[in-house]
Amino acid sequence: MGVSRLGRRALPEMYGDLAGATLESEILSKQQRDCAHSDGPGGSEPVAFGLGRKSRIRLGRALLAAIALTAGTAELGARGAESEPTGQAAVDSGAAAASPQGAPQSSGITLRVTSRETVVDVTVTDAKGQPIQNLRQSDFTVKEDGKPQALQSFQEYKEADTPTAERIPPKLPPNVYNNLQPVPTTDAVNILLLDALNTLPADQMFMKQDSIKYLKSMPRGTRIAVLSLGSSLRILQGFTSDPSILIAVVDSKKNRALPSPFIDNDSAGVLDSQVDSQLEADNADLESDSTAALIQQFENENTVEQQDVRNRMTLEALNQIAAYVAGIKGRKNLIWFTEGMPLNIFPSGGVNDLQGITDYAKDLRKTADLLTTAEVAVYPVDARKLFSNPAAGADQHLTSINARTAAKVATTEGAFQQKKGGELLGMEAVAEATGGAAYYNTNDLKSAVSKAIDNGANYYSLSYVPPDLNFDGRYHAIEVEVNRPGVHLAYRRGYNADDILDNAITPALPLTTTAPEPFGNDMQASMQRGVPTSSQVLFDVRVAPSTEQARPDDPPIFGTLDPKLTDKRLVRYELVYLVPSRQIAFREGPGGTHTCSLEFDLAAYDVFGKRITGLSQTISPRPLTSEQYQQRLKSPFQFLQQLDLPPGEIFLRVGILDAVADKVGTLEIPLKVSKNPAGATGQPGGKGGN
């Protein structure tokens with residue numbers, strides 16, 4: 001279909017002076033930085049930026065390395081060492097001596113030795129919060145339970161001093177996009193968690209606005225994933241360095257502010273109604289002290305039950321996040337927009353108020369173990385900005401004052417201070433346990449996010465073998481010192497000697513920094529919403545509403561549109577690809593001929609991640625002679641596709657599969673499809689079209 005359209009008319013000149021040569025020059029410079037494949041099917045493997053850090057398997061808050069030493073018969077040597085489950089140290093029974101000659105071959109000696117290594121990531125900043133770099137191993141002292149430990153490894157990780165020219169993306173014409181990814185400035189990645197479960201709707205708007213402010217100015221190469229927590233944990237966007245995608249995700253209808261059913265409404269209006277109701281009850285003499293106590297007990301139990309559900313849902317979400325990113329090497333910074341999570345629940349007043357107190361020690365230990373094992377540093381950011389008790393505002397008043405209402409106001413104020421204080425302490429606790437930092441009582445949430453990401457991009461990684469190798473569940477305190485005056489250190493202050501295998505969970509969804517590899521020429525995984533961009537095949541694409549009248553031989557609808565949308569007025573979009581021919585792998589055939597095979601895929605998703613339409617076209621041009629092949633390499637390959645889209649917010653995923661080399665290039669583009677786009681003509685549709 002696309003090839004026949006190419007034969008009917010010339011493709012638009014969408015690049016002007018930027019055509020062909022400029023694009024290929026950019027790609028060649030990227031190749032020279034070892035950022036892409038070399039030409040042809042025999043090219044080198046791509047470099048996964050930021051993933052070259054030494055791999056270490058982290059168990060509990062320690063790294064467990066299993067070493068299998070095997071001696072015995074030739075058969076055992078051929079099979080290789082058989083390892084015990086990770087985390088176990090054992091010597092096989094009957095392994096006191098090598099088996100005599102002629103004995104059964106299965107009686108060989110297998111010795112399994114287990115060692116543990118505790119890994120501590122440390123950020124070092126000065127009095128102004130700026131990272132202190134270029135420290136040496138000799139500058140650090142690490143203690144466990146007060147005793148100095150010999151360091152086994154030491155590594156500094158810091159933001160790359162990327163030249164300004166490389167940090168500025170190439171300027172493209174309007175409506176033109178490419179999948180050339182910026183070089184990450186650090187090996188650390190960042191997760192933005194928008195917490196609606198623990199945040200009031202008004203404050204959710206603040207966290208969205210300030211998140212967008214940061215994303216608009218974030219340094220090029222910063223890798224961020226966006227998650228939301230409401231009635232469930234959702235991945236809104238996988239890791240990407242594209243601010244346009246991140247902004248569209250945060251600002252989409254899917255991420256609208258929603259009330260949490262588990263948050264007490266702190267508004268003064270509720271307080272007024274409560275007090276007024278109390279006054280009416282007093283005047284009617286319908287309430288006795290015993291009745292008041294029963295009402296207070298009911299309120300306490302209801303509050304405790306709601307907070308318990310909220311706490312457990314939040315802890316489970318943090319556990320899942322740890323599982324999502326456990327396979328990603330290096331540090332992960334979790335920037336958590338929230339109003340806090342009061343884990344210590346102490347009901348105020350009433351009968352049997354201690355019955356509702358819940359012990360979260362075991363759950364908290366599990367969460368802390370999973371986060372530190374996955375090397376996740378948590379940076380809670382209070383979404384309330386500067387806050388105070390809304391019931392204390394000047395615009396609030398009571399209709400009357402007496403001893404009972406005064407006591408009610410005092411009790412409410414005390415409960416507010418206790419609740420908010422507990423939430424802030426909870427933020428500090430989770431930050432300290434994971435080596436992060438808490439940001440609260442500030443109106444500049446954008447700067448808080450920037451500080452958290454900058455702080456987590458510059459750090460030192462230290463490791464040592466702990467003196468106690470037992471998995472006995474004991475807590476071991478960690479203390480780090482630097483022989484510099486006036487420095488501030490952030491690191492996890494200890495660990496529980498738990499076997500992390502007992503706490504391991506299977507993630508419900510994948511979250512990775514790399515795009516899925518093609519398998520059997522199957523593009524399904526690569527075209528899923530929100531997966532990382534792939535740059536194995538680099539390309540530019542112009543995406544805009546079609547300005548050409550529909551032709552009689554065109555199909556009624558381009559794409560596999562969801563049948564529920566056929567009544568919508570559709571807008572025909574035109575996509576023009578430009579692929580440098582040197583990116584395409586050609587297969588040599590008889591007589592010196594060359595052939596290639598390219599698959600062009602489109603997948604459109606709504607704001608809720610539901611696929612609404614798509615299109616896949618494969619082209620295999622006729623074999624090129626040797627002379628034609630050489631000419632082909634001098635100019636970029638062009639291709640045209642058309643797709644009909646319904647109005648609204650659309651996330652359009654574009655992909656190219658080079659079937660000869662089994663390489664993939666993908667790109668995701670946020671679109672706002674208008675019902676009547678300017679300049680478009682011949683807009684198709686179902687019953688509501690034309």
Side-chain angles (χ1 to χ4, degrees), residues 33-35 47-56 58 61 63 117-144 148-168 182-190 217-224 241 328-335 372 375-379 431-432 434-437 439 447-465 478-493 513:
R33 296 196 305 267
D34 292 330
C35 300
V47 177
F49 298 116
L51 300 180
R53 183 176 180 180
K54 181 180 177 183
S55 174
R56 290 182 286 209
R58 302 167 195 277
R61 296 188 187 185
L63 177 66
E117 185 180 20
T118 301
V119 180
V120 185
D121 291 338
V122 185
T123 61
V124 185
T125 54
D126 59 20
K128 296 182 178 180
Q130 297 301 311
I132 298 177
Q133 299 177 340
N134 303 319
L135 295 176
R136 297 171 297 178
Q137 179 173 330
S138 58
D139 295 322
F140 288 82
T141 300
V142 179
K143 298 178 182 179
E144 180 173 308
Q149 304 297 316
L151 294 182
Q152 298 296 307
S153 67
F154 174 84
Q155 182 68 49
E156 179 183 8
Y157 296 91
K158 57 185 178 181
E159 287 185 279
D161 187 15
T162 309
T164 303
E166 292 187 19
R167 285 190 274 109
I168 300 176
V183 179
T185 57
T186 176
D187 77 320
V189 294
N190 307 284
S217 61
M218 75 178 194
R220 180 169 165 80
T222 304
R223 293 176 293 175
I224 297 179
S241 300
I328 300 174
K329 299 181 181 68
R331 182 183 178 99
K332 279 75 67 174
N333 305 308
L334 176 61
I335 295 89
T372 54
E375 207 173 353
V376 177
V378 182
Y379 292 84
E432 182 176 303
T434 59
Y439 300 91
S447 293
V449 176
S450 180
K451 288 178 182 178
I453 291 178
D454 292 344
N455 187 18
N458 301 274
Y459 64 98
Y460 297 86
S461 185
L462 301 78
S463 70
Y464 64 92
V465 176
I478 297 175
E479 183 181 357
V480 179
E481 299 174 352
V482 174
N483 61 357
R484 296 285 184 91
V487 300
H488 175 73
L489 307 181
Y491 58 93
R492 59 187 179 95
R493 304 292 171 156
T513 58

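Across every non-hydrogen atom of Y459 and T123, the tightest pair is CB-CG2, 3.8 Å. Across all their heavy atoms, Y464 and A150 have their closest contact at CB-O, 3.4 Å. Closest non-hydrogen pair, S241 versus M218, comes out as O-CE, 3.5 Å. Across E117 and S153, no two heavy atoms sit closer than the pair OE2-OG, 3.8 Å. Among all heavy-atom pairs drawn from A188 and A457, the shortest one is CB-CA, 4.4 Å.
Side-chain contact between R484 and L135 is present, with heavy atoms from C-beta onward closer than 4.5 Å. Between V119 and S461, some side-chain heavy-atom pair lies under the 4.5 Å cut-off. Under the 4.5 Å side-chain criterion, counting only non-hydrogen atoms from C-beta, V487 is not in contact with D126.
Distance alone, capped at 3.5 Å, places no donor-acceptor pair between the T186 side chain and the E159 backbone. Remark: the backbone N or O of N134 is paired with a side-chain donor or acceptor of Y460 at under 3.5 angstrom. With hydrogens and angles disregarded, a donor-acceptor distance shorter than 3.5 Å links the side chain of Y491 to the backbone of V480. Looking only at distances, no side-chain donor or acceptor of R492 sits under 3.5 Å from a matching main-chain atom of G436. Put simply, the side chain of K143 never gets that close to the backbone of T141: no donor and acceptor are under 3.5 Å apart. Here the side chain of N190 pairs a donor or acceptor atom with the backbone of R223 at under 3.5 angstrom. Judged by distance alone, with hydrogens and angles left aside, the side-chain atoms of Q152 form no donor-acceptor pair with the main-chain N or O of V465 at under 3.5 Å.
To the nearest 0.5 angstrom, L462 atom CG is 10.5 Å from I478 atom CD1. Between the NE2 atom in H488 and the CD atom in Q130 there is a gap of 13.5 Å [rounded to 0.5 Å]. Taken to the nearest 0.5 Å, the OH atom of Y157 stands 14.5 Å off from the CD atom of Q133. To the nearest 0.5 Å, atoms CG (N333) and OH (Y379) are separated by 5.0 Å. Atom CD1 of I328 is separated from atom CD of E375 by 11.5 Å, given to the nearest 0.5 angstrom.
Residues forming a side chain to side chain contact (heavy atoms under 4.5 Å, CB included) with N483 (at least two apart in sequence, or on another chain): D139.
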Report the C-alpha distance between T118 and S463 in whole Å, list the side-chain angles of each, state the deciding distance to 0.1 Å, and finish with yes or no for side chain to side chain contact (heavy atoms under 4.5 Å, CB included). CA-CA 5 Å; T118 301; S463 70; over 6 Å; no
Start with the C-alpha gap between I453 and I224, add the side-chain angles, then the distance that decides, and say whether side chain to side chain contact (heavy atoms under 4.5 Å, CB included) holds. CA-CA 10 Å; I453 291 178; I224 297 179; 4.1 Å; yes
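Taking the six-membered ring for Trp and the full ring otherwise, the centers of F154 and F140 sit less than 6.0 Å from each other.
For K451, the NZ atom is loosely surrounded, since the number of other residues' heavy atoms within 6.0 Å does not exceed 12.
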